[in-house]
Amino acid sequence: MKQVAIGGTNWTTSNVALGTMRMATLDTKQTAAALNAALEAGINYIDSADIYGNGRSEEHFGAAMKEAGISRDQFFIQSKGGIVLDPARSHGDFAFGQRYDFSKDHIIQAVDGILKRMDIDYLDAFLLHRPDPLMELDEVAAAFDELETSGKVRHFGVSNFNPRQIEFLQSGVRQPLLIDQVQFSLAHTGMIDFGIHTNMADERSVNHDGGIIEYTRLHKMTIQTWSPFQWGMFNGTFINDDEHYAKLNQLLAKLADKYEVSKNAIAVAWILRHPAHMQVLLGTVNPQHILDSAKGSDVELTKQEWYDLYFAAGNDLP
């Protein structure tokens, strides 16, 4: 498993991480099996959020750590907060936000709740989950200072922020923002499409995120990519979806044979081939899928293979 330096610091972790969102649907033994598979694959980074399973994911994670006999120092543990859920607006096990809340009280309460559910003493990183348009910088700064001073959080970052939002937040907090977590995959390539289509008038030339890849590279932030195998929000995975991604799956299979790995591993390798040194967040909790996908960390695609996969996913060059 290759490593990545988070935020350009000397904090080095696996460049593939395991997400906890689907752990809400597992029992303790199943969750423990997922964690053991992660460790076996060389993954030492966990990503969570207080809203995953309305907190159940973190409870199951904490119980599974004990069940598996895994010590706190075997994982770097990260979680996110700032979304207040609306139970009336749900999609299966996923609930939408009622509001975003970056008040000092809510941020402190969110972290305290995370630590209690996970049964740990501190977070290696805490991210503000989505931008709150009512954010007051002094409230966030006070919360970050208290969390850092108390030892409850060691590093800070954001999720789904654009460059100007990051700059605005950074102007008011002492702690460097090391991470931005955004969706990126072969089926979600907007962050690179608009740059390729500069000075064009087609749909792919639209800049939806403010040039976040270029910004994070300039400011030595780490991009963490969520939903590396998904297309859309709830449409499912593009892996083996021959109805929508037949050409892509043909090429994934060909390269999987070449490198003696799975299609998932090739999709991971495609993300990691980008020179921004991203970190891939796996959402699967199937132990075999974790092991298979993590092998993408050690696959070095050629430039032409990277472009061929981009084309096979339905993209083009002007």
Side-chain angles (χ1 to χ4, degrees), residues 2 4 7-8 15-16 130-131 158-167 179-233 235-239 241-256 258-259 263-283 293 296-297 299-318:
K2 292 181 181 177
V4 62
N15 64 358
V16 177
R130 282 189 178 271
V158 295
S159 180
N160 304 295
F161 275 51
N162 67 36
R164 293 298 285 173
Q165 291 165 334
I166 294 171
E167 285 192 343
I179 297 160
D180 192 14
Q181 191 175 112
V182 295
Q183 186 176 6
F184 184 60
S185 74
L186 275 162
H188 193 93
T189 56
M191 291 194 300
I192 57 177
D193 293 343
F194 89 93
I196 292 173
H197 289 253
T198 293
N199 202 36
M200 305 294 290
D202 58 351
E203 182 179 348
R204 287 190 175 89
S205 68
V206 178
N207 182 355
H208 291 284
D209 53 52
I212 191 62
I213 289 183
E214 292 79 9
Y215 179 87
T216 53
R217 293 181 74 182
L218 283 169
H219 293 270
K220 294 181 170 35
M221 293 179 69
T222 295
I223 285 183
Q224 296 177 336
T225 66
W226 55 271
S227 290
F229 311 124
Q230 300 289 315
W231 67 280
M233 183 64 77
N235 294 324
T237 176
F238 58 79
I239 304 292
D241 183 352
D242 290 330
E243 178 182 355
H244 300 97
Y245 290 97
K247 187 174 181 181
L248 175 59
N249 274 283
Q250 290 171 7
L251 184 54
L252 285 170
K254 179 180 178 180
L255 292 172
K258 173 184 175 180
Y259 289 102
K263 289 182 181 179
N264 292 58
I266 297 299
V268 167
W270 184 84
I271 296 172
L272 296 178
R273 180 63 179 81
H274 195 283
H277 303 295
M278 302 178 190
Q279 186 180 39
V280 176
L281 305 180
L282 299 181
S293 300
S297 173
V299 173
E300 183 77 15
L301 298 173
T302 69
K303 284 190 175 184
Q304 192 58 60
E305 288 168 345
W306 188 92
Y307 273 101
D308 288 344
L309 284 164
Y310 181 71
F311 297 147
N315 300 296
D316 61 8
L317 299 181

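This is a predicted model, so every value here is computed, not measured.
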How long is the straight-line distance from [atom2] of [Y] back to [atom1] of [X], given to the nearest 0.5 Å?
| X | Y | atom1 | atom2 | result |
| --- | --- | --- | --- | --- |
| Ile166 | Met221 | CD1 | CE | 4.0 Å |
| Asp316 | Arg204 | CG | CZ | 5.0 Å |
| Leu251 | Phe311 | CG | CZ | 11.0 Å |
| Trp231 | Thr237 | CH2 | OG1 | 10.5 Å |
| Ile213 | Leu218 | CD1 | CG | 12.0 Å |
| Asn249 | Glu243 | CG | CD | 12.0 Å |

Strictly distance-based, threshold 3.5 Å: is any side-chain N or O of [X] a donor or acceptor partner for the main-chain N or O of [Y]?
| X | Y | value |
| --- | --- | --- |
| Thr222 | Ile179 | no |
| Ser227 | Gln183 | no |
| Asn207 | Asp209 | yes |
| Ser297 | Lys2 | yes |

Practice task
For Arg217, check salt bridge (Lys or Arg N to Asp or Glu O under 4.0 Å) against everything at least two apart and list the hits.
Solution key: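 Checked Arg217 against salt bridge (Lys or Arg N to Asp or Glu O under 4.0 Å); zero matches.
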Handout entry: With Glu203 via salt bridge (Lys or Arg N to Asp or Glu O under 4.0 Å) - residues at least two apart
Key =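 Checked Glu203 against salt bridge (Lys or Arg N to Asp or Glu O under 4.0 Å); zero matches.
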Exercise for the section: Applying side-chain contact (heavy atoms from CB on, under 4.5 Å), run through Val268 and Leu282 and close with a yes or a no. Expected result: CA-CA 9 Å; Val268 167; Leu282 299 181; 4.2 Å; yes
Practice task
Sort and list the pairs that fulfil ring pair (Phe, Tyr, Trp, His ring centres under 6.0 Å) and have at least one residue in residues 196-216, not counting sequence neighbours.
Solution key: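 Output for this query lists Tyr215-His219.
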Exercise for the section: For the pair Glu305 and Lys258, find out whether any cationic side-chain nitrogen is under 4.0 Å from an anionic carboxylate oxygen. Expected result: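 Salt bridge flag = yes for Lys258 with Glu305.
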Exercise for the section: Would you tell me whether Tyr307 and Asn315 have side-chain atoms, one donor and one acceptor, within less than 3.5 Å of each other? Expected result: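 No, no side-chain donor-acceptor pair sits under 3.5 Å.
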Practice task
Report the C-alpha distance between Met278 and Thr216 in whole Å, list the side-chain angles of each, state the deciding distance to 0.1 Å, and finish with yes or no for side-chain contact (heavy atoms from CB on, under 4.5 Å).
Solution key: CA-CA 10 Å; Met278 302 178 190; Thr216 53; over 6 Å; no
Quick one: closest heavy-atom pair of [X] and [Y], and the distance?
| X | Y | answer |
| --- | --- | --- |
| Glu300 | Tyr259 | O-OH, 3.5 Å |
| Gln165 | Pro131 | OE1-CG, 3.4 Å |
| Asn162 | Ile212 | C-CD1, 4.3 Å |
| Ser185 | Ile271 | CA-CD1, 4.2 Å |
| Ser205 | Phe194 | O-CB, 3.8 Å |
| Asp180 | Phe161 | OD2-O, 2.7 Å |

Practice task
With side-chain contact (heavy atoms from CB on, under 4.5 Å) as the test, would you mind laying out the steps for Phe238 and Leu252 before giving the verdict?
Solution key: CA-CA 11 Å; Phe238 58 79; Leu252 285 170; 4.2 Å; yes
Exercise for the section: Indicate the ring-plane relationship of Tyr310 and Trp270, choosing parallel, tilted or perpendicular according to the 30° and 60° boundaries. Expected result: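 Ring orientation, 0 to 90° scale: parallel.
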Exercise for the section: Take Leu301 and Leu309 through the test side-chain contact (heavy atoms from CB on, under 4.5 Å) and record every step on the way to the result. Expected result: CA-CA 10 Å; Leu301 298 173; Leu309 284 164; 3.8 Å; yes
